[in-house]
Number of protein chains: 2
Amino acid sequence: MEKYAQRGVSAGKEEVHEAVKNLNHGLYPKSFCKIYPDFLADDADWVNVMSSDGSGTKAILAYLYWRETGDVSVWEGIAQDAIVMNLDDLICVGATDRFLYTSIINRNKNLIPGEVISALIQGSQKFFDSLAAHGISVNFLGGETADLGDCVRSITVDGSMVTRMKKSELILTKNIQPGNVIVGLASYGKATYEAECNSGISSNGLTSARHDVLSKYYAEQFPQSFDAAIDASLVYSGSKRMTEALEGTPLNIGKALLSPTRTFAPVIKQLLAELPGSINALVNCTGGAQTKVLHYIENLRIIKDNLLPVPPVFQLIQSESGTDWREMYKVLNCGTRMEVYTSEQHTDGIINTAKSFGIDAQVIGRVEAADKAEVVVRSQHGEFTYN
Amino acid sequence: MEKYAQRGVSAGKEEVHEAVKNLNHGLYPKSFCKIYPDFLADDADWVNVMSSDGSGTKAILAYLYWRETGDVSVWEGIAQDAIVMNLDDLICVGATDRFLYTSIINRNKNLIPGEVISALIQGSQKFFDSLAAHGISVNFLGGETADLGDCVRSITVDGSMVTRMKKSELILTKNIQPGNVIVGLASYGKATYEAECNSGISSNGLTSARHDVLSKYYAEQFPQSFDAAIDASLVYSGSKRMTEALEGTPLNIGKALLSPTRTFAPVIKQLLAELPGSINALVNCTGGAQTKVLHYIENLRIIKDNLLPVPPVFQLIQSESGTDWREMYKVLNCGTRMEVYTSEQHTDGIINTAKSFGIDAQVIGRVEAADKAEVVVRSQHGEFTYN
């Protein structure tokens with residue numbers, strides 16, 4: 001979609017893929033995360049996995065909401081976003097424990113005071129404490145907070161996570177096969193380990209969602225929250241204020257756009273323990289959303305004809321932006337975030353486990369042999385083929 | 001210095017220290033890097049160390065130089081800066097091998113095209129290849145490149161590095177003791193493993209240095225290279241263009257300010273192998289510069305009365321900014337970057353090893369008992385006491 005490019009976002013990341021193509025891509029080229037030999041301990045039965053990612057421009061939503069309402073707690077959610085964008089990628093290869101994490105916060109000190117840094121850092125530790133209650137240990141090894149106002153308009157919040165795991169416990173996308181069914185786990189609702197209802201948003205597609213939904217008020221009040229080089233017609237071109245209610249949810253629009261990225265780590269950890277060897281693959285539908293799996297398959301058609309319902313925040317983004325649904329499913333998870341590729345006989349168990357954590361789940365589709373990689377979404381909004 | 005605060009930089013990082021004070025500070029509270037139990041492999045004889053850091057606002061100097069001259073290779077130096085700001089902290093606790101690294105690049109895509117990303121990523125790998133020739137293995141495990149033009153004016157370049165090491169090989173600042181002498185290793189010159197003469201600059205203090213040295217030309221031509229909220233009198237308030245020669249060096253002023261942060265890893269690795277048990281401590285004089293050691297000591301006076309000569313780039317910064325020398329030694333390494341705390345009898349060996357790598361070195365000072373932590377710099381520019 002051309003609007004992405006005009007807003008300075010390369011949806012496909014072609015340039016980045018070109019730049020990294022000569023690097024070491026690890027032991028399993030099309031795995032969900034790159035998997036490396038055990039450089040850290042030289043054990044042939046173990047591997048190393050490492051991830052770096054962040055909250056992206058969702059941090060700007062927190063900035064606007066905090067400035068508008070004074071609610072500093074939204075920054076705790078941004079800390080969670082940066083963490084889960086790493087954690088939930090790593091769990092997709094089967095890693096569920098002994099993580100190390102460091103944070104990297106770059107701020108414009110004139111706009112972002114100590115109380116925000118404090119909420120980010122203490123929010124990180126609070127989130128790690130909640131994971132520990134589910135047997136997932138993430139050790140917070142500090143990080144860097146830099147004052148870079150000449151580089152950063154407001155703030156960026158990133159982190160890196162690393163772990164070692166047994167090779168025998170790896171979950172690899174190459175094991176997706178014809179006949180597999182897909183259990184989809186919902187991005188929305190309130191999991192037993194969450195304190196608040198989640199809109200289902202994660203930390204992707206939010207440059208566009210922010211500009212498409214929020215009104216010019218934010219451009220006028222907070223010029224530090226966007227790149228003035230973007231065509232003015234694309235800046236905060238929606239009709240909403242963050243404090244307006246989002247119909248069908250207990251959240252206002254600001255909080256709905258800011259719902260912290262849900263982690264599925266507690267659920268996946270339990271599934272892997274309950275069903276050893278029965279999960280073919282896990283795909284976290286972040287960037288690329290319902291088409292994410294295309295990066296990992298060949299000669300397979302993924303048919304998704306029973307996706308979970310599209311929750312209100314995505315309906316809002318669609319109606320405010322006028323984005324067609326073909327694009328919506330490609331950019332935003334639209335309600336279904338974690339995919340479990342498995343055999344028919346395991347689906348009930350997986351669904352029951354997800355529901356025991358308060359997370360909606362259902363069989364959303366299946367895998368067929370094909371002569372190329374293809375995803376077909378059949379939804380109430382139409383049928384879309386991606387390849 | 002008040003100018004730092006007005007330019008949005010908190011030299012002392014008080015707010016950050018406050019925010020992190022309740023986190024786990026590891027096994028040795030005043031060590032140069034935080035040292036943690038071996039979460040990754042549960043071996044009681046090993047520890048984990050992890051660092052996150054970046055090139056800071058030095059990336060803006062690269063942006064300006066690249067735009068002014070078309071020389072894209074300066075971005076390779078920024079990649080090195082982000083790496084060495086991590087690596088040389090980790091070597092200070094004795095880690096010299098089996099590193100993992102991921103990069104985090106946040107860019108404004110409208111200003112930073114693919115060729116820059118390519119130079120950063122390929123520059124990282126090139127630098128790792130050069131380290132490998134000295135037996136230092138850093139495994140580049142990819143990272144994240146995000147398009148965040150609404151957050152980032154131009155670009156930020158950060159990275160995270162992690163390793164495991166034997167507890168018995170730890171080098172700890174708590175072993176600094178009265179009677180120790182300090183061998184200082186030069187930040188300037190051309191090490192045998194460097195391709196170009198190095199000015200001695202690292203990646204600290206460059207917000208001020210950039211504004212103090214460069215002329216208003218850069219404010220006019222590149223408004224995207226600073227925070228417009230800063231008082232105009234503090235923006236590019238110097239007299240220089242980057243293309244002007246820096247007297248006394250083969251570098252122009254741009255290249256001098258951009259000299260990639262030198263790594264001492266090859267030297268330190270050899271020193272630790274040659275002199276096992278003989279190095280009390282290592283201190284990398286980055287942020288805090290000649291006063292850095294103050295973070296790690298109690299009841300000791302560090303007297304530095306024979307620092308290496310101040311190379312031209314620091315003379316330039318001093319004369320353009322009018323900064324007093326007391327402040328200069330506190331913010332910029334001024335020629336002496338790596339400190340080796342040791343006993344008198346080892347100094348010749350250390351100096352000879354450094355010189356075998358083409359790096360100037362000399363005994364720069366000594367350690368005395370005192371009733372509090374104190375650093376005394378006695379230089380051609382005066383005597384300064386810090387505590």
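Naming: A, B, ... by sequence-line order, numbering from 1 per chain. Please read all numbers here as calculations on a predicted model, not as lab measurements.
In this structure, no portion of His25(B) lies under 4.5 Å from any heavy atom of chain A. Only the backbone of Gln224(B) comes within contact range of chain A, with heavy atoms under 4.5 Å apart. For chain A, the nearby parts of Leu141(B) are the backbone and the side chain; heavy atoms of each come within less than 4.5 Å. For chain A, the nearby parts of Asp53(B) are the backbone and the side chain; heavy atoms of each come within less than 4.5 Å. Within the 4.5 angstrom heavy-atom criterion, no atom of Ser124(B) approaches chain A. With a 4.5 Å cut-off on non-hydrogen atoms, Ile155(B) touches chain A through its backbone but not through its side chain. Thr156(B) touches chain A through its side chain: at least one heavy atom from C-beta onward sits under 4.5 Å away, while N, CA, C and O do not. Only the side chain of Thr207(B) has a heavy atom closer than 4.5 Å to any heavy atom of chain A.
Within a 6.0 Å radius of NZ in Lys30(B), more than 12 heavy atoms belonging to other residues, nucleotides or ligands are found. Counting heavy atoms of neighbouring residues, nucleotides and ligands inside a 6.0 Å radius, atom NZ of Lys216(A) exceeds 12 of them.
Taking a cutoff of 4.0 Å between a charged side-chain nitrogen and a carboxylate oxygen, Arg98(A) and Asp42(B) qualify as a salt bridge.
Listed here is the closest heavy atom pair of Ser160(B) and Thr102(A): OG-OG1, 3.4 Å. In terms of heavy-atom proximity, Ala19(B) sits nearest to Ser118(A) at CB-CA, 3.7 Å. Asp150(B) and Phe226(A) make their closest contact through OD1-CA, 3.4 Å (heavy atoms, listed as atom of the first residue, atom of the second, distance). Minimum interatomic distance between Arg164(A) and Ala41(B) (heavy atoms only, all atoms of both residues): NH1-CB, 3.2 Å. Between Cys151(A) and Gly56(B), the shortest heavy-atom distance links the atoms SG-O, 4.1 Å. Between Leu23(A) and Gln125(B), the shortest heavy-atom distance links the atoms CD2-OE1, 3.9 Å.
Contact check for Asp158(A) versus Asn106(B): side-chain heavy atoms found under the 4.5 Å cut-off. With contacts defined as side-chain heavy-atom distances shorter than 4.5 Å, the pair Tyr36(A)/Asn139(B) does not qualify.
In terms of non-hydrogen atom pairs under 4.5 Å with chain B, the most contact-rich of Ile104(A), Asn108(A), Asn22(A), Thr57(A) is Ile104(A). Interface check for chain B: of the options Leu100(A), Leu40(A), Ile121(A), Ile117(A), the most heavy-atom pairs under 4.5 Å are formed by Leu40(A). With respect to chain A, the highest number of heavy-atom pairs below 4.5 Å among Val49(B), Val162(B), Ile60(B), Asp227(B) belongs to Asp227(B). When Phe39(B), Phe99(B), Trp46(B) are compared by the number of non-hydrogen pairs under 4.5 Å with chain A, Phe39(B) comes out ahead. Note: Glu144(A) leads His211(A), Glu144(A), Arg210(A) in heavy-atom pairs under 4.5 Å with chain B.
The CZ atom of Arg7(A) sits 14.5 Å away from the NZ atom of Lys109(B) when rounded to the nearest 0.5 Å.
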